[in-house]
Peer 1: 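Sharing a structure here in structure tokens format.
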Amino acid sequence: MFDLLALLPTFPLVGFLILMAGSNSLPRRGVVAVGVGSMGLSALLAIAITVNFLSAPPPGQVFEQHLWTWFEIGGLAPGFSLYLDPLSLAMTLVITIVGFLIHVYSAEFMRDDEAFARFFAYMNLFVSLMLMLVLADNLLLLYLGWEGVGMCSFLLIGFWYKKPANGKAAQKAFIVTRVGDTAMAVGLFLLVTQLGTFDIQELGVRATEQWPVGSTMAVVAAALLLGGAIGKSAQLPLHTWLPDAMAGPSPVSALIHAATMVTAGVYLIARTHALFALAPVVLTAVMLVGLLTQLTAGISAVHQRDIKRILAYSTISQLGYMFFALGVSSNGAAINHLMTHACFKATWFLAAGAVIVAVNHEHDIFKMGGLGKKLPALFWAMFFAGCGPFFSKDGILAEVWFSDTGGPLLWLLGLFGVFVTSIYLFRLLFTVFLGPLKNEVHWKPGRAITIPLFILAVGSVIGALVEYPRLLGYHPHSSGIEAAHASPYLHATLGKIAVGVALTGIYVAYRLFVRHRHYDGDEVIVPHIRVPLRNLFADGWGFDRAYRVAFVAPFRSAAHFLRNELIDRGCDAVVAVVQSGHRLIRRTQTGRLRWYTAGIAAGAVLSLGMVLFS
Amino acid sequence: MSRTDLTALSPLLVVALAAVAVLLLISVRRNHRATATLTLAGLVLGLVSISWAATVTPHQVAPLLIADGYALFYSALVLAAAVVVCLLSFDYLEQRGEQREEFYVLLLLATLGGLVLVGASHFVTLFLGLEILSVAIYVMVAYARSSPLAAETGIKYLVLAGASSAFLVFGMALVYAQTGTLEFRPLVAQLSAIEGSGLALPGMALMLVGVGFKLAVVPFHMWTPEVYQGAPAPVTAFVATVSKGAMFALLLRFFAALGPGEARPLLVVLGLVAMASILAGNLLALLEQNIKRLLAFSSIAHLGYVLVAFLASSAFGDEAVTFYLVAYFVSTLAAFGVVTVLSDNEREAERIEDYRGLFWRRPLLATLMTGALLSLAGIPLTTGFVGKFAVVAAGVEASLWLPVSVLALGSAIGLYYYLRLVVVMLSSLDAGAATESAADSGRTPADPGQTPAWPRAARVGGGAALALGLLALLLLGLGLYPGPLMDVIESSVSPLR
């Protein structure tokens, strides 16, 4: 059974190839069969592998599959090798099952798009590369997947490329993440040159042997990997690309920018935890980045009007929670939140996509209202899905309280985030679905849309009751859990407080956005906050503006200057030299036989002369 | 002649017999398809017989010819190229009226000449092989008798090849006067025995003229654009590959036998020739508007690249030379193959404008052409990249810094005109109304009257499709997975040093 592991990324890859080759000739039905079918096969296989993994676990809960050696040079031989353990299994399940449901949804959602086949081709390629990322047993293969999903993200954000803004958003996403990717590549090179292997497990072992805790090398390497994770997972200060990435179709936002790709950073840190454990400073940085991101993005989410941007900021904030958990070494809680959040946010994005289409491509939530009566399925799916993450977040908070590196103060800050989260989520829900009807609904989602939504919502609710990663056998060592088990009463009390805070948040949202109806004008968002501050929050704390001033503008003016002055002049000179060389030497091709014969004779004389007089 | 001799010579014998058989067939009955089939059979049989000959290697046949792994590898290369040219020629000639059957006799003879060259271990066989090859090519180049261009091309090639052969023979005479032998090994032994080489070194310097002409390197290169342009496209493919490859095989064999002391002054000359070829070839190709001429200029540069690896004079250099030649064969045959199938009986698809928007009209052909051009430019994933990598590695290993830097510079210039062609193929059809004039050819350009939607040539015939498919496979296959071929080359060049 495990030997079929390699088929997981292969199915969507084959789907991609077929769809690309037949993009013009395949009928829509065929596109759906290939695009969704390949994902279905992958999802089924993933489930079968999981069942097998749980009923007859491989020795040490690890299964390795070496497919072939990529290349061998300088004693390094990175392979196309897959590594299945509870962590990668958890990620694989999210990618394949959530991915499959989103593909089913897309079959209806994208039905009238002219580039139907291209859409599914990119989506299939994305899933294939994402699986490669999480299943890779060495950093190089992981990096291949890492860059590959970045490329797919670029292609899909700019999927409707005829609108220039979408192309700009795609470029922004690509360039901003590139900052992190560069750091990650440097970190990768550093690890390989210092430790002499690409293999992730082996790297961990060698790093622990060679580097003492807190040594400079370990700190630098971990910090560089963190850079990559920050870029990919849209954390402070590289988070600015994610809100703009909403330019892509809603299924793309759900799959790539909520459930899978943006969690790659979380996965990376969890996967290379051995290295981070050697660098406590960097772990603290992970925690601080997560905490700050969670707070700032949460507050920004409260001030957005665009339904998808609310969800984008919410995603950034929830990813912040995962980093927060990683920072206090609670990897289990982080991955648990990752899985629940994947179900939850996929549901919300997909439902938001359906709402947007239903109200004729309106994005502003304050121009919607009362849709609950018209689209009850969407409302209830969102409502139930919204419950799951609160509980997985409680898990994180409890561990923060008890962890060696955490503490009550950090817990309190995290708790504030819970309050903010429930405000912005229910603000969206109440504004869009309750109150008087404001829109004409001239489209109702079909079964291909509602059924995936409900399955995802159920997945989110179950996530509130059980811990998925623990179910799969992923329960890494963490100081927080042990301490929590030592004092069950306090643990339970903390959980109750968190639930209480969340309910308070919901109540506040209800008061503000249902009872008092701040629906029009500038008062809509959160009352009693001064306008300049509100604008700052709505702008995402001015990061975009700061980057424009600090990086984009100087770079552009420098480019402009150099283009017209120095560099361009130099390039022109090269061209001019080469062209005049061409013109000069072309004159030798006269077409005259006597001239050519003379050339041969001259060559003979030259050759003879050089030999004789050398 | 012993049985072993016959076995060792079997590829030559098969091809020679095939030539006779084709002649006889033509005298009995003119049938284009039957003639082509018989030729193909002869060439394929020749390829098969190589494995038979390999059972007796290494084997010296008289003092004249040697059948070792090296000779057999190049024989296989020559025969395989001839098979491709034969397949391409069939459809090409099928469209054209005149007597087509004799072409195959010439093709077989030229191939035979190439086979003799790669197996030569004696100046007499060198000269014989060269002349069998050249005389057949004179006629093949001018095969389209009715066109004045063909006649002009034929005459030019005849006169220049004759002149260079004269230098070659004179050089041989001088070497003979000094050493008293024409056989490679005794000759080399003599050279190292005598104090100061006397007449032998000037003799070999003059021989370089004949060799340089066949390889089309600066300053013996000026015939190339004319002949490439004037000859029918399949013949151009043959001239570009077989005749140069066979000559290079011989050059390598001779210099590998030559001691480093004797070779030194000649290597200096060849180093200069290599650098001049790289620069001149790439510069000449830069703004060329005629594809056949462009490929001619680029081939000058490519032979320069191969010479860099040749200058390394090491076992690895020999491997690099051989791999590069294989890559060059594949890419050049693919490029000219596309030119051939796009040409019709009115004119050849040689103007750069003929290729505008080819991707939208003939996606497969355009893809293959792109692959061939990228391979020639040495872009990764293609066989040309592996070849160039090997050449540069060999040059660096031998610390040939100047030639290697010139190579890098030349490649950079070369990238421009290869990619320009790719861009033209990708651009949309209507964008090309403003055609740059094609006036920079050496003779009066073809009638520029009407430029119809070109090319109009219909489907690609079965044989040509097979050949192009094979080439496409090799183009990518050898680029992705060069290991096995490298191993074969390594073992086949090992008898040299």
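Lettering of chains follows the sequences in order, A, B, ..., and the numbering in each one begins at 1.
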Peer 1: For the rings on A/Phe120 and A/Phe116, is their centre-to-centre separation under 6.0 Å?
Peer 2: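 Between A/Phe120 and A/Phe116, the centre distance is under 6.0 Å.
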Peer 1: Please state whether the side chain, the backbone, both or neither of B/Ile413 comes within less than 4.5 Å of a heavy atom of chain A.
Peer 2: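 The side chain, not the backbone.
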Peer 1: Indicate, with yes or no, if the rings of A/Phe154 and A/Phe174 have centres closer together than 6.0 Å.
Peer 2: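 For A/Phe154 and A/Phe174, the ring centres are under 6.0 Å apart.
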Peer 1: Highest number of heavy-atom pairs under 4.5 Å with chain A: which of B/Val159, B/Leu266, B/Leu208?
Peer 2: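 Ranked by contacts with chain A, first place is B/Val159.
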Peer 1: Checking side-chain polar atoms at under 3.5 Å, does B/Lys214 have a donor or acceptor matched by the opposite partner on B/Ser134?
Peer 2: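 There is such a pair between these side chains.
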Peer 1: Is there any residue in residues 267-274 of chain B with a non-hydrogen atom under 4.5 Å from a non-hydrogen atom of chain A, and which ones are they?
Peer 2: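 So far as heavy atoms go, B/Val268, B/Val269, B/Leu272 are the residues that approach chain A to under 4.5 Å.
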Peer 1: In terms of heavy-atom proximity below 4.5 Å to chain A, should B/Phe297 be classed as side chain, backbone, both, or neither?
Peer 2: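 It is the side chain, since no backbone atom gets that close.
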Peer 1: Heavy-atom cut-off 4.5 Å, strictly under: side chain, backbone, both or neither for A/Leu612 against chain B?
Peer 2: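 The side chain, not the backbone.
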Peer 1: Counting the benzene-type ring for Trp, do A/Tyr596 and B/Trp223 have ring centres under 6.0 Å apart?
Peer 2: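 No, the ring of A/Tyr596 stays outside the 6.0 Å limit from the ring of B/Trp223, centre to centre.
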Peer 1: Charged N to carboxylate O under 4.0 angstrom, B/Glu350 versus B/Arg293?
Peer 2: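 Not counted as a salt bridge, because no side-chain N and carboxylate O are separated by less than 4.0 Å.
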Peer 1: Of the backbone (N, CA, C, O) and the side chain (C-beta and beyond), which part of A/Ala602 lies under 4.5 Å from a heavy atom of chain B, both, or neither?
Peer 2: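 Answer is neither: A/Ala602 stays 4.5 Å or more from chain B.
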Peer 1: Under 3.5 Å, side-chain donor or acceptor atoms of residues 136-145 of chain A against the rest of the protein: list the pairs with distances, not counting sequence neighbours.
Peer 2:
| residue | atom | partner | partner atom | Å |
| --- | --- | --- | --- | --- |
| A/Asn138 | OD1 | A/Leu140 | N | 3.1 |
| A/Asn138 | OD1 | A/Leu141 | N | 2.7 |
| A/Asn138 | ND2 | A/Gly79 | O | 2.8 |
| A/Tyr143 | OH | A/Glu147 | OE2 | 2.6 |

Peer 1: Give a yes or no on whether a salt bridge exists between A/Glu114 and A/Lys162, defined as a side-chain N under 4.0 angstrom from a carboxylate O.
Peer 2: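 Answer for the salt bridge query: yes.
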Peer 1: Is a side-chain donor-acceptor pair under 3.5 Å present for B/Ser299 with B/Lys244?
Peer 2: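 Their side chains do contain a donor-acceptor pair, which is all the 3.5 Å distance test asks for.
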